[in-house]
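Each ligand, and each atom within it, is numbered from 1 in the order the structure gives. Quantities reported herein were computed from a predicted structural model and do not represent experimental measurements.
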Amino acid sequence: MQILPNSSEPLKEVRVEDDRTGLSIETLKRAFADNLFYIQGKFPEIASRNDFYMALAYTVRDRLLRRWLNTAETYTRNASRTVAYMSAEFLMGPQLGNNLINLGIYDQVNQAMKELGLDLEELLEEEEEPGLGNGGLGRLAACYLDSLATLEIPSLGYGIRYEFGIFEQDIKDGWQVEITDKWLSAGNPWELPRPEWSVEVKLGGHTEMRADEHGHFKVYWLPDKIVKGIPYDTPILGYKTNTANTLRLWKAEAVESFDFYAFDSGDYLGAVHQKTVSENISKVLYPNDNSAQGKELRLAQQIFFVSCSLKDMTRIMAGQNVPLEQFADKFVIQLNDTHPSVAIPELMRLLIDEHNMTWDQAWGITKKTFAYTNHTLLPEALERWPISLFGRMLPRHLEIIYEINNRFLDEVRMKFPDDVDRLRRMSLIDESGERYVRMAFLACVGSYSINGVAALHTELLQKDVLHDFYEMYPEKFNNKTNGITPRRFMVLSNPRLCKLLHSKIGDEWVKNLYELRKLEGFVDDPEFRHQWRQMKQEIKQDVVDYIKSTTGINVNVNSMFDIQAKRFHEYKRQHLNVLHIITLYNRIKANPNIEITPRTFLFGGKAAPGYYMAKLIIKLINSVGDIVNRDPDVRDRLKVVFLKDFSVKFAQKIYPAAELSEQISTAGKEASGTGNMKFALNGAITIGTLDGANVEILEEVGAENFFLCGLTTEEVYALKAKGYKPWEYYKKDPELKLAIDRIASGFFSHGDPNLFKPLVDHLLGNDQYMLMADYRSYIDTQDEVSQAYRDIDRWTRMSILNVARMGKFSSDRSIRDYCEDFWKIQPVKIDLKQYVEATAILH
Ligand SMILES: *Cc1c(COP(=O)(O)O)cnc(C)c1O
């Protein structure tokens, strides 16, 4: 280890004072050594890999801070209009590598580490990622923060600093096992706590109407609990800009330290218990994807972060001397799904109860401030809260919601007279049984914009889930097709592809993804196609090595890498993929010498801990793998590998290696998908249904470069309407029958027919997600895929054209659309001053 060429050398003589945060290799090395000594308190001989990681992280953070403070100073001075992106989830992924890319110092740091005898790759691996999200929704928020900063848009991300993020997944005997995610245990060098900006949030209790000192009647909320929110800030740097925006996550704490109560009442342990109860609010992320849970603590999380964030925004306005009347001019609040939609009554409450505005004034501001993104068409994922629970925790908010509802229903009556059923359907309160608050409806009424996340999804919202609201407020509806950041999901994760692109079309595409179109000019160049294949082969080899070292399974690098990596959910239909594997296996068993295109089936993804069927599908994959991978008849032509603990870190490894991307949700169920985009951008070809953004991917890459299968949404609806009988498909299709029978017989479960019985019963019973109906189309399309893969030039051509035509799916395009369409916000250039000179301010 050579942290210092000569460790007796006095540091201060070497340091160049004016270059404290410089980017030269020498300065980086010096700063790294400083941080190892003065922050980690270690010398190289006793430093752990984590110490080296931390020293490097702080070195990079110092370089971010300069940009961050310049940015904050500029926004404050200009009182810039700002996007507040409110989201219960931010699935950020590791920060170090991304910050190196966005600062443009990856190569320098790599070199600096090398000169110190360290391996940057190893240090990058060391980082625990903040898994503060479940899947697509949380990852979208993270991609949007990257694009907002890259496009120089003033913005703040607001969310929750969960102490435990999404659980770590282990596989034991083929079953998923959940392990607590202790992501903070080694420290988090990227965040800065800001206790001086703490705020208090009220919960529970009751309200009273009283005259204030001027004789005006006012509502007072007397809570039975107060919790403190402490903001933790993480800088979000744009790609090669000076803009560094903020992700502000709230941690819950007790208002008073417990010794205060102890002196007061003598109930020492009771006070300690109270402290624990308060801190529970930000303790753990709910691990459900696409399903609402209705748990009290979850509602507490929602009001907690939303209330903290709104108060933070009023603090910012006060600091910039912007009057509260201008709230909607200063901020646009984007609601990432309904999780933060309680912000609507909370802002009303703040403006009326705490800032003495009239209802009309407050409502005028509120409905110009919020914009709502819907993320799902699944009925079980639409949030609704039992009135009893809601009223107990948020009595004042419930009153406000009732008042919003009264006025809203008057409006509906005016526009649609004598339509009682419509009033019942649209009411913010569901009164069909136990009474509920319908959060999506609240978001629709309180927002000036309502958007879906892919063209088809927005169309279905208008036609179906939110049809009444579309008729009421057609002008509010718009589409914003999701996107992904090419910085993380290309530049950082796929250096080999980037190098090849660089040699042909330069680097403009990193900021303008449509530039990838220039690749089309090389698609018929045999030399280029050869390089393309070579590149893919190298990436696949890395994954082969990784699989070997983590699972012991030998994978043939020349087999087709067929990957399905995403949350486990029945609508995503990982089990349809399994039926294909079993079908191929059955063909081999029937005829061991059959010609078959060798494939490796890779799966990754977590199931919600309480979602039994999803966990059973994971078990099925592993059980099928156990049989197929070992059967000598298969002769290694098929391999099934379940890669545990799918995360952003892991996603970055796996997307680049894919050749076939499985996007086979039941049409009308996947709102957009973003995994589909990451795969295609890295040169995989999609086999997919006409669902979510698949529709637009097909449109962009061309039908000849996409394997389309399955029913359309209309066909799904029509089939359901006429009476769907899954059993008939099973009876009529011998391959389908054999595949199902193999599972049902216990062939994959050591002869136990009961293990997978619930799954089989479900498929042959009501088959909600219509696997039986789509099976034949899927299998036939997979046969075409196998055929196409054998024509190596055709496949390479398709792969290149997929990459070339993915320009639309940059999150930069999405964010530009939001800005121009309804955020109405302009970029703000940040000049990089030498640095914010504390001494200049203090002199
Ligand atoms: C992109 C991504 C997702 C979303 O995948 P879909 O295929 O769109 O469901 C989920 N998890 C992680 C870690 C991701 O990176």
Original post:
Using heavy atoms and a threshold below 4.0 Å, how should the contact between R567 and ligand 1 be classified: side chain, backbone, both, or neither?
Top reply: neither
Original post:
Any Lys/Arg nitrogen of D542 or R496 sitting under 4.0 Å from an Asp/Glu carboxylate oxygen of the other?
Top reply: yes
Original post:
Has ligand 1 got any nitrogen or oxygen that is less than 3.5 angstrom from a nitrogen or oxygen of K572?
Top reply: yes
Subject >> Proximity of Y655 to ligand 1 by residue part, where a heavy atom lies under 4.0 Å >> reply: side chain
Original post:
Does the ring center of F601 lie less than 6.0 Å from the ring center of H580?
Top reply: yes
**OP:** Starting at CD1 of I654, measure out to CZ of F679 and round the result to the nearest 0.5 Å.
**Re:** 8.0 Å
**OP:** Could you tell me whether some N/O pair between S647 and ligand 1 is separated by less than 3.5 angstrom?
**Re:** no
Original post:
Of all the atoms in ligand 1, which lie at a distance below 4.0 Å from a heavy atom belonging to G136?
Top reply: 3 (C), 4 (C), 10 (C)
Original post:
Are F646 and F568 close enough that their ring centres sit under 6.0 Å apart?
Top reply: no
**OP:** Taking the six-membered ring of Y239 (Phe, Tyr or Trp), confirm whether the NZ or CZ of K511 is under 6.0 Å from its centre and within 45° of its axis.
**Re:** no
**OP:** Give the numbers and elements of all ligand 1 atoms closer than 4.0 Å to a heavy atom of G673.
**Re:** 8 (O)
**OP:** Note the single closest protein heavy atom to atom 6 (P) of ligand 1, along with its residue, its atom name and the distance in Å.
**Re:** G675 N, 3.7 Å
**OP:** Look up atom CG in L137 and atom OG1 in T376, then write down how far apart they are to the nearest 0.5 Å.
**Re:** 10.0 Å
**OP:** Might you confirm whether atom CD of Q293 has over 12 heavy atoms from other residues, nucleotides or ligands at distances under 6.0 Å?
**Re:** yes
**OP:** Establish, yes or no, whether the cationic atom of K669 lies under 6.0 Å from the six-membered ring centre of Y571 and within 45° of the ring axis.
**Re:** no
Original post:
What do you reckon, are the aromatic ring centroids of H569 and Y611 less than 6.0 Å apart?
Top reply: yes
Subject >> Part of F646 within contact of ligand 1 (heavy atoms, under 4.0 Å) >> reply: side chain
**OP:** Give the numbers and elements of all ligand 1 atoms closer than 4.0 Å to a heavy atom of G135.
**Re:** 10 (C), 11 (N)
**OP:** Give the numbers and elements of all ligand 1 atoms closer than 4.0 Å to a heavy atom of T674.
**Re:** 1 (C), 4 (C), 8 (O)
Original post:
Are any of the N/O atoms in N676 less than 3.5 Å from those in ligand 1?
Top reply: no
Original post:
Do K566 and ligand 1 have an N or O pair less than 3.5 Å apart?
Top reply: yes
Subject >> Nearest-neighbour protein heavy atom for atom 1 (C) of ligand 1, which is reported as residue plus atom name and distance >> reply: K678 NZ, 1.4 Å
